[in-house]
Amino acid sequence: QVQLVESGGGLVQPGGSLRLSCAASGSIFSTDVMGWYRQGPGKQRELVAYINSGGSTNYADSVKGRFTISRDNAKNAMYLQMNVLKPEDTAVYYCNVHRWELGPRDYWGQGTQVTVSS
């Protein structure tokens, strides 16, 4: 139905930047809510940011002012611009699509590793 693939992760020094991309096979609906989650070593998955159909966004307190989420429905894609990266941002980052039409349903990517270290 919907397959999500993350890209753009890698190794970066503290204070650096990365741009993550999420590409979908199959159409992303304009009504879908899209978000980024992450899971650090030995930690549970947590919400990083989300963006709804109207463009409203929400960010975890830990990333406010540093990360920016965006979406391009025409390209079936979503992005996460990460600036001023910190070691505590190290995690596997996952793309998520929540589809509420015809009943709630979630789609997940396999994740991309982000490592922030000097």
Side-chain angles (χ1 to χ4, degrees):
Q1 301 185 84
V2 176
Q3 183 177 0
L4 305 174
V5 180
E6 302 92 340
S7 62
L11 175 65
V12 65
Q13 293 186 337
S17 298
L18 284 174
R19 178 178 168 86
L20 304 184
S21 298
C22 173
S25 297
S27 296
I28 295 177
F29 299 165
S30 61
T31 52
D32 292 342
V33 178
M34 306 182 69
W36 288 95
Y37 289 76
R38 68 185 181 187
Q39 186 169 12
K43 299 180 179 180
Q44 291 190 312
R45 182 187 64 186
E46 64 176 354
L47 176 68
V48 177
Y50 70 78
I51 181 168
N52 69 12
S53 59
S56 296
T57 60
N58 192 61
Y59 298 89
D61 289 341
S62 59
V63 306
K64 287 181 179 178
R66 299 188 299 119
F67 291 11
T68 302
I69 188 172
S70 61
R71 64 191 290 174
D72 188 337
N73 291 332
K75 295 182 178 180
N76 291 337
M78 180 179 61
Y79 310 95
L80 184 69
Q81 179 66 46
M82 306 185 295
N83 299 323
V84 197
L85 283 161
K86 304 175 180 180
E88 50 263 44
D89 295 319
T90 296
V92 177
Y93 284 71
Y94 298 93
C95 177
N96 168 265
V97 171
H98 179 75
R99 181 166 295 168
W100 52 266
E101 294 182 349
L102 303 178
R105 184 168 28 175
D106 283 281
Y107 302 95
W108 296 91
Q110 295 302 304
T112 184
Q113 177 70 49
V114 172
T115 302
V116 184
S117 177
S118 59

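FYI, side chains are in, hydrogens and waters are out, and symmetry mates aren't considered; it's all heavy atoms of this structure. Numbers here are sequence positions counted from 1.
Contact between Q113 and T90 at its shortest, heavy atoms only, is NE2-CG2, 4.0 Å. Across all non-hydrogen atoms, the minimal contact from E6 to Y94 is OE2-CA, 3.3 Å. Closest non-hydrogen pair, N52 versus G54, comes out as OD1-N, 3.0 Å. Here the shortest heavy-atom pairing between Q81 and S17 reads NE2-CB, 4.0 Å. Minimum interatomic distance between V48 and V63 (heavy atoms only, all atoms of both residues): O-CG2, 3.7 Å. Closest approach of S117 to P14, counting heavy atoms only: C-CD, 3.6 Å.
Not a single side chain to side chain contact (heavy atoms under 4.5 Å, CB included) links Q110 to another residue, sequence neighbours left out. The salt bridge (Lys or Arg N to Asp or Glu O under 4.0 Å) check on K43 picks up nothing, with sequence neighbours excluded. Among residues two or more places apart in sequence or in another chain, the side chain to side chain contact (heavy atoms under 4.5 Å, CB included) test is passed with T31 by F29, W100, E101. Looking at residues two or more places apart in sequence or on another chain, you find no side chain to side chain contact (heavy atoms under 4.5 Å, CB included) involving A23. Taking the salt bridge (Lys or Arg N to Asp or Glu O under 4.0 Å) definition, one finds that R38 meets it with E46, D89, sequence neighbours left out.
Applying the 4.5 Å side-chain rule to ILVMFWY residues, one finds that L11 remains a lone member of its cluster. When hydrophobic residues (I, L, V, M, F, W, Y) are linked wherever their side-chain heavy atoms come within less than 4.5 Å, Y79 remains an isolated member.
Among residue pairs with one or both ends in residues 49-70, none qualify as ring-ring contact (aromatic ring centres under 6.0 Å, His included); sequence neighbours excluded. For residues 103-112, there are no salt bridge (charged side-chain N to carboxylate O under 4.0 Å, His left out) pairs, not counting sequence neighbours. Note on residues 39-69: no pairs pass disulfide (SG to SG under 2.5 Å), not counting sequence neighbours. Every pair passing salt bridge (charged side-chain N to carboxylate O under 4.0 Å, His left out) that includes a residue from residues 13-33 is listed here, sequence neighbours excluded: D32-R99. Pairs of residues two or more places apart, or lying in two chains, never qualify as salt bridge (charged side-chain N to carboxylate O under 4.0 Å, His left out) while including a residue from residues 73-88.
In this structure, the side chain of R66 engages the main chain of V84 through a donor-acceptor pair within 3.5 Å.
Interatomic distance, L80 CG to R71 CZ, rounded to the nearest 0.5 Å: 14.0 Å. For the atom pair OG1 (T57) and NZ (K64), the distance works out to 10.0 Å, reported to the nearest 0.5 Å. Going from atom CG of L4 over to atom CG of N96 covers 8.0 Å, rounded to the nearest 0.5 Å. Atom CG of residue N83 and atom CG of residue L18 lie 9.5 Å apart, to the nearest 0.5 angstrom. Within the model, atoms CG of D72 and SG of C22 stand 12.0 Å from one another, a figure rounded to the nearest 0.5 Å.
At a threshold of 4.5 Å between side-chain heavy atoms, the hydrophobic network of Ile, Leu, Val, Met, Phe, Trp and Tyr places M78 and Y107 in one connected group. Hydrophobic cluster membership is shared by Y37 and V33, with clusters built from Ile, Leu, Val, Met, Phe, Trp and Tyr side chains linked at under 4.5 angstrom.
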For a side-chain contact (heavy atoms from CB on, under 4.5 Å) check, start with the C-alpha distance between M82 and Y93, then their side-chain angles and the critical distance, and finish with the verdict. CA-CA 12 Å; M82 306 185 295; Y93 284 71; 3.9 Å; yes
side-chain contact (heavy atoms from CB on, under 4.5 Å) between C95 and W108, worked out: CA-CA 6 Å; C95 177; W108 296 91; over 6 Å; no
Would V12 and T115 count as a side-chain contact (heavy atoms from CB on, under 4.5 Å) if you check the C-alpha gap in whole Å, the side-chain angles of each, and the deciding distance to 0.1 Å? CA-CA 6 Å; V12 65; T115 302; over 6 Å; no
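In this structure the side chain of T112 never reaches within 4.5 angstrom of the side chain of V92, judged on heavy atoms. Two residues are said to be in side-chain contact when any heavy atoms from C-beta on lie closer than 4.5 Å; V114 and L20 meet this criterion.
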